[in-house]
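Structure first, then comments.
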Amino acid sequence: MSTSVIVVEPVTSVSPDLVEAMARLLPQLHPTLPLPTAAVLEEVLQGQATTMLVARDGAQGRVIGTACVVVYRTPSRLHARLENVIVDDPARGRGVGAELTSQAVRLAREAGCSVIELNTNPRREVANRLYQRLRFERHHTNNYWIKF
Ligand SMILES: CC(C)(COP(=O)(O)OP(=O)(O)OC[C@H]1O[C@@H](n2cnc3c(N)ncnc32)[C@H](O)[C@@H]1OP(=O)(O)O)[C@@H](O)C(=O)NCCC(=O)NCCS
């Protein structure tokens with residue numbers, strides 16, 4: 001296991017290594033998710049509301065994790081949502097997930113959001129522990145979706 005410094009930064013451009021990294025990481029969130037093309041990643045970066053973070057193993061190193069924070073306004077409040085928190089399997093247990101999540105929380109606070117929300121399946125035990133360690137509180141509400 002590497003012990004080099006972990007660098008978390010917003011993605012500013014799409015490169016082949018980013019496309020490769022997302023193709024490696026997204027199946028670790030769910031194996032049937034479509035892999036994002038360079039064009040899809042460009043679309044993500046162009047979205048004013050979205051900040052995509054990556055964690056690198058060393059300043060110029062391999063991408064070992066990602067997270068996405070989306071800031072949006074409704075009449076009631078300025079919200080943030082945390083999505084797509086994923087750390088590459090061999091890099092887990094080094095605090096990368098915690099660093100990605102903490103940076104997303106910091107971005108939301110600095111943007112003036114009054115809340116940052118996420119959903120995670122109760123079966124994702126490591127993720128549930130991680131979020132609770134970082135002061136996310138479980139909110140007793142029903143989540144609904146229509147999947148298109
Ligand atoms: C959930 C996930 C992002 C956590 O990533 P991670 O980088 O391993 O997270 P961390 O290292 O910050 O914390 C995980 C564990 O390692 C421990 N840890 C943290 N820093 C550590 C370090 N420096 N050295 C050793 N262990 C450490 C933590 O205590 C934690 O242990 P716990 O689960 O017993 O509390 C990762 O497991 C993952 O990608 N899972 C699959 C996708 C997923 O479920 N994503 C969440 C979707 S909502």
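Counting starts at 1 for both ligands and their atoms, in listed order. Residues: numbered from 1 along the sequence shown.
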So the atoms of ligand 1 within less than 4.0 Å of a heavy atom of Val85 turn out to be 3 (C), 42 (C), 43 (C), 45 (N), 46 (C), 47 (C)

request  = Give a yes/no on ligand 1: does Glu83 have at least one heavy atom closer than 4.0 angstrom to it?
outcome  = no

Can you list, pair by pair, the side-chain donor-acceptor contacts under 3.5 Å of residues 39-49, counting residues two or more places apart and other chains?
none

Fill in: Parallel, tilted or perpendicular: ring planes of Phe136 versus Tyr131, cut at 30 and 60 degrees
perpendicular

Hits for side-chain hydrogen bond (donor to acceptor under 3.5 Å, both in side chains) against Asn128, two or more places apart or cross-chain, chain-then-number order -> none

Ala127 heavy atoms within 4.0 Å reach ligand 1 at atoms 1 (C), 46 (C)

NZ/NE/NH1/NH2 to OD/OE distance under 4.0 Å, Asp89 and Arg24 | no

Counting from 1 in the order shown, the ligand 1 atoms closer than 4.0 Å to a non-hydrogen atom of Thr120 are 48 (S)

- Message: Polar contacts were defined as any N/O atom of the residue lying under 3.5 Å from an N/O atom of the ligand; does this apply to Gly95 and ligand 1?
- Response: yes

Ligand 1 to Ala98, heavy atom cutoff 4.0 Å, flagged ligand atoms 12 (O)

Under 3.5 Å, is there a donor on one side chain and an acceptor on the other for His30 and Thr32?
yes

Taking atom types as modelled and ignoring hydrogens, do the side chains of Arg106 and Gln103 form a donor-acceptor contact shorter than 3.5 angstrom? yes

For Gln28, the ligand 1 atoms with a heavy-atom partner under 4.0 Å come out as 41 (C), 42 (C)

